Amino acid sequence: MHSINVHNTLTGKKEPFVPLNGNKVMMYACGPTVYDMSHLGHARMTMVYDVVQRYLRFSGYDVTYVRNITDVDDKIINRAKALGKTPEQVAREYTYTFWHDMHCLNVQPPDYEPKATEFIELMIQFTKELIEKGHAYESAGDVYFDVASFKEYGKLGKKSLEDLLVGARDQVRSQEDLADKKKSPADFALWKSAKEGELAWSSPWGQGRPGWHLECSTMTKHVLGETFDIHAGGEDLVFPHHENEIAQSEALHGKPMSKYWLHNSFVQVNSEKMSKSEGNFSTIQELLAKFSPDTIRLFALQTHYRNPIEFSIEALTASRTALGRILRAAAFAVNSQNGKSFETTGQALLEQTKNQISKATAESLDPVKDETTKQFRAAFIEAMDNDFNTAVAISQLFALADKVFVEKDEAKRQGYATVLVQFARLLGLTLVDTRKQIDSHTVEQIVNLVVELRQNARSNKDYATSDLIRQRLTDAGVSLMDTAGQTTWEKA
RNA sequence: GGCGGCAUAGCCAAGUGGUAAGGCCGAGGUCUGCAAAACCUCUACCCCCAGUUCGAAUCUGGGUGCCGCCUCCA
């Protein structure tokens with residue numbers, strides 16, 4: 001029924017996508033740690049996997065999409081200290097801003113969005129079982145995973161334990177307090193004891209909190225099962241985060257954690273990774289102040305997800321200009337001049353696809369059904385089937401936009417535009433036309449212009465025009481006040 | 001140091017054996033009272049050097065440059 005190929009980090013190859021259980025797809029993406037504003041890098045990650053889950057649904061799969069929120073972590077605790085707030089307040093605050101940002105970017109909410117703090121008991125249980133199985137050990141209130149007990153450790157990150165130990169030397173030196181608590185420098189914490197007054201939960205090993213990697217292992221187990229289809233995240237999570245998840249889950253369950261591992265590349269600034277620690281990030285809210293959600297999405301999706309994006313205002317501006325072409329073409333889907341039948345059917349089609357269409361219905365919902373739309377669909381689907389190549393898919397959108405502009409037959413033109421909108425929405429573009437939305441600063445300049453023209457009229461003793469302007473502005477709610485030498489205005 | 005990845009036009013960016021998608025910018029033209037939009041035309045010997053092949057941006061080896069991970073990170 002399909003031929004989607006995905007690049008699997010585990011094998012390093014592109015493979016045919018075949019779910020474990022019929023057409024059900026269990027998919028998990030590592031979400032944010034909520035300790036600060038989300039930036040473009042986070043936006044890329046969420047938009048990429050948003051498109052992946054949309055496309056899988058389009059392709060007929062019954063997708064369960066889970067994206068977690070890490071709401072307990074050292075960074076949150078540190079942030080809370082710096083702000084004089086509780087960690088819970090910080091986590092909640094940035095969870096809300098994350099949701100807000102994602103909503104603005106038209107990222108669909110996941111089917112489940114577990115938070116680490118909701119799974120503490122199960123994480124403790126998970127840890128207990130690992131200890132019982134001999135894969136973990138307690139050490140002075142901490143619990144560590146015994147890396148040596150999992151012979152496949154390093155299979156995702158393509159690292160050998162020997163290499164890691166060599167590379168870990170510096171780290172050992174900087175963590176001398178841990179050196180004698182851990183059997184091996186490569187061992188990682190499942191449970192960390194809490195200092196006095198810190199955020200903590202009680203456990204068989206005393207007051208403490210879970211290690212970062214544990215939450216994903218626990219939450220996927222309980223929401224998706226011991227083995228699921230897709231585990232996704234940023235490429236910086238390959239090692240150690242996902243490696244450690246594999247170690248925990250597979251050591252405990254004795255079966256693969258996830259069949260496919262997808263990792264997206266970064267947003268770079270001047271060829272360097274955009275990150276909090278580099279201080280070179282643009283928050284989503286900063287970008288949304290200057291660029292529309294569709295512009296940001298188009299910008300992100302014009303690059304294949306496994307390649308780095310070179311961020312610059314120039315590049316974003318180029319995407320904004322490019323989006324204008326798509327919007328103008330899409331406008332033909334709803335701005336019918338005289339096609340009455342289209343007004344009803346066309347609008348209805350667009351309503352139906354407000355969220356998205358499916359591959360099965362795409363053809364039947366095609367109002368044109370000619371060679372052009374047929375080829376467009378084939379090319380678009382081929383691109384997306386090839387490891388979600390949104391860059392090529394978008395190039396097809398532009399090609400179809402060209403057809404819209406060139407087509408003379410009004411019904412066909414509207415049909416092409418309708419198909420364009422349908423597929424653009426599959427990529428999460430809203431195609432909401434914001435070109436007529438005017439901000440208050442612009443409005444102010446326009447009113448000032450009108451006032452200026454009225455002044456000219458008065459100077460020419462053209463009081464008819466002058467009075468017309470006053471009346472029309474009054475109708476619009478704007479009062480003009482002529483005083484000696486100048487005219488001011490205010491909105492009632 | 002170990003592991004992995006990338007080098008394509010002024011810029012962004014697809015393309016994994018058959019002679020370079022797309023977008024932005026730029027030039028000329030059509031249209032237009034002016035402008036915008038739209039349309040037409042033009043703009044790349046794919047980092048370097050060897051090799052494999054009838055044929056390579058695409059495969060192999062070497063070189064150069066850049067980046068990521070190995071510590072929190074989407």
Side-chain angles (χ1 to χ4, degrees), chain A residues 9 12 14 29-33 35-36 38-49 67 70 73-76 78 98 154 156-160 162-175 178 185-186 188 212 232-243 263-268 270-278 281 298-329 331-332 379 383 386 389-402 404-408 435:
Chain A
T9 307
K14 217 181 271 184
C30 278
T33 300
Y35 73 104
D36 205 344
S38 300
H39 61 64
L40 184 58
H42 302 101
R44 181 188 194 187
M45 174 260 161
T46 53
M47 288 191 288
V48 161
Y49 299 118
R67 188 186 61 211
T70 299
D73 181 90
D74 288 354
K75 292 195 295 297
I76 295 172
N78 292 336
F98 174 72
L156 184 71
K158 314 283 183 263
K159 296 174 190 306
S160 72
E162 299 81 68
D163 292 342
L164 285 169
L165 294 181
V166 172
R169 267 179 210 148
D170 293 336
Q171 167 196 353
V172 174
R173 211 173 299 132
S174 64
Q175 297 186 354
L178 287 180
F188 56 90
W212 175 39
E235 67 176 0
D236 51 347
L237 299 183
V238 173
F239 194 96
H241 185 52
H242 289 165
E243 191 72 57
H263 293 96
N264 61 282
S265 187
F266 297 121
V267 176
Q268 302 184 335
N270 296 323
S271 296
E272 303 221 314
K273 177 180 173 181
M274 175 183 283
S275 70
K276 303 261 173 77
S277 48
E278 296 290 333
F281 59 91
L298 185 69
F299 172 72
L301 265 26
Q302 269 178 314
T303 302
H304 182 82
Y305 78 93
R306 283 191 296 110
N307 289 137
I309 292 181
E310 182 63 31
F311 169 83
S312 67
I313 293 298
E314 294 71 35
L316 255 176
T317 305
S319 292
R320 175 162 61 193
T321 307
L323 180 69
R325 283 169 50 75
I326 302 278
L327 284 175
R328 277 180 223 106
F332 283 100
N386 183 17
N389 195 330
T390 53
V392 172
I394 286 170
S395 75
Q396 293 306 312
L397 251 31
F398 284 107
L400 188 58
D402 287 344
V404 171
F405 292 130
V406 174
E407 181 57 55
K408 295 285 193 293
R435 292 173 300 153

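A note on names: the letters A, B, ... follow the listed sequences, proteins ahead of strands, and every chain is numbered from 1. Everything numeric here is computed off the predicted structure, so don't read it as measured data.
- B:rU71 atom P lies 15 Å from atom CG of A:D74, rounded to whole Å.
- Rounded to whole Å, the C1' atom of B:rC25 lies 29 Å from the corresponding atom of B:rG33.
- Using a 4.0 Å heavy-atom cutoff across all strands shown, A:R328 reaches sugar-phosphate atoms only and no base atom.
- A:N78 and A:Y35 share no side-chain donor-acceptor pair at under 3.5 Å.
- Remark: B:rG4 base-pairs with B:rC67; criterion is Watson-Crick or G-U wobble with both hydrogen-bond distances under 3.5 Å.
- Residue A:K158 is classed as a sugar-phosphate contact, given heavy-atom separations below 4.0 Å to backbone atoms only.
- Separation of the C1' atoms belonging to B:rU53 and B:rG68 is 34 Å when rounded to the nearest angstrom.
- For A:F405, whose side chain is taken as the heavy atoms from C-beta onward, the closest listed nucleotide among B:rC39, B:rG22, B:rA74 is B:rC39.
- Among the nucleotides B:rC72, B:rA14, B:rG23, the one closest to any side-chain atom of A:K75 is B:rC72.
- A gap of 15 Å separates the C1' atoms of B:rU8 and B:rG23, to the nearest Å.
- Among the heavy atoms of the strands lying under 4.0 Å from A:H39 is at least one base atom, whether or not backbone atoms are also near.
- Within the nucleic acid shown, A:S265 comes within 4.0 Å of at least one base atom, counting heavy atoms only.
- Between A:H242 and A:H263, the ring-plane angle classifies as tilted under the 30° and 60° cut-offs.
- Side-chain atoms of A:N389 lie closest to B:rA14 of the nucleotides B:rA14, B:rC25, B:rA38.
- Comparing atom distances between the A:F398 side chain and each of B:rA14, B:rA21, B:rG23 picks out B:rG23 as nearest.
- Nucleotides B:rG65 and B:rA74 place their C1' atoms 27 Å apart, quoted to the nearest Å.
- Among the protein residues, A:D73 comes within range of no part of the nucleic acid, since none of its heavy atoms lies under 4.0 Å from any strand.
- Here A:G233 lies in heavy-atom contact (under 4.0 Å) with sugar-phosphate atoms only.
- Pair assignment for B:rG26 gives B:rC42, based on Watson-Crick or G-U wobble hydrogen-bonding distances that are each under 3.5 Å.
- Residue order along RNA chain B, read from the 5' end via each residue's closest nucleotide, puts A:S271 first among A:S271 and A:F266.
- Proximity note for A:A322 (side chain, C-beta onward) versus B:rC69, B:rG23, B:rA13: the nearest is B:rG23.
- Using a 4.0 Å heavy-atom distance criterion, A:V267 is classed as a base contact.
- Residue A:R325 is in sugar-phosphate contact alone, with no base atom involved, counting any heavy-atom pair closer than 4.0 Å across all strands shown.
- Of the P atoms belonging to B:rC59 and B:rG2, the separation is 24 Å, rounded to the nearest Å.
- Checking the phosphate oxygens (OP1, OP2) of B:rC6, no side-chain nitrogen or oxygen of A:N307 falls inside 4.0 Å.
- In this structure, A:A318 and A:G31 both approach RNA chain B, and ranking their closest nucleotides by distance from the 5' end singles out A:A318.
- Contact annotation for A:L298: no contact, since no heavy-atom pair falls under 4.0 Å across all strands.
- Set against B:rA21, B:rA74, B:rG2, the side chain of A:T33 has B:rA74 as its closest nucleotide.
- Within 4.0 Å (heavy atoms only), A:E272 reaches sugar-phosphate atoms of the nucleic acid but no base atom.
- Across all strands shown, B:rC54 pairs with B:rG18; the Watson-Crick or G-U wobble distances both stay below 3.5 Å.
- In this structure, A:E314 reaches neither bases nor backbone, as no heavy-atom distance under 4.0 Å exists between it and the strands shown.
- A distance of about 16 Å separates the C1' atoms of B:rU16 and B:rU52, rounded to the whole Å.
- Closest contact between the side chain of A:P240 and the listed nucleotides B:rC39, B:rC70, B:rC25 involves B:rC70.
- Minimum atom distance to the side chain of A:N264 is reached by B:rA74, of the listed B:rC3, B:rA74, B:rA38.
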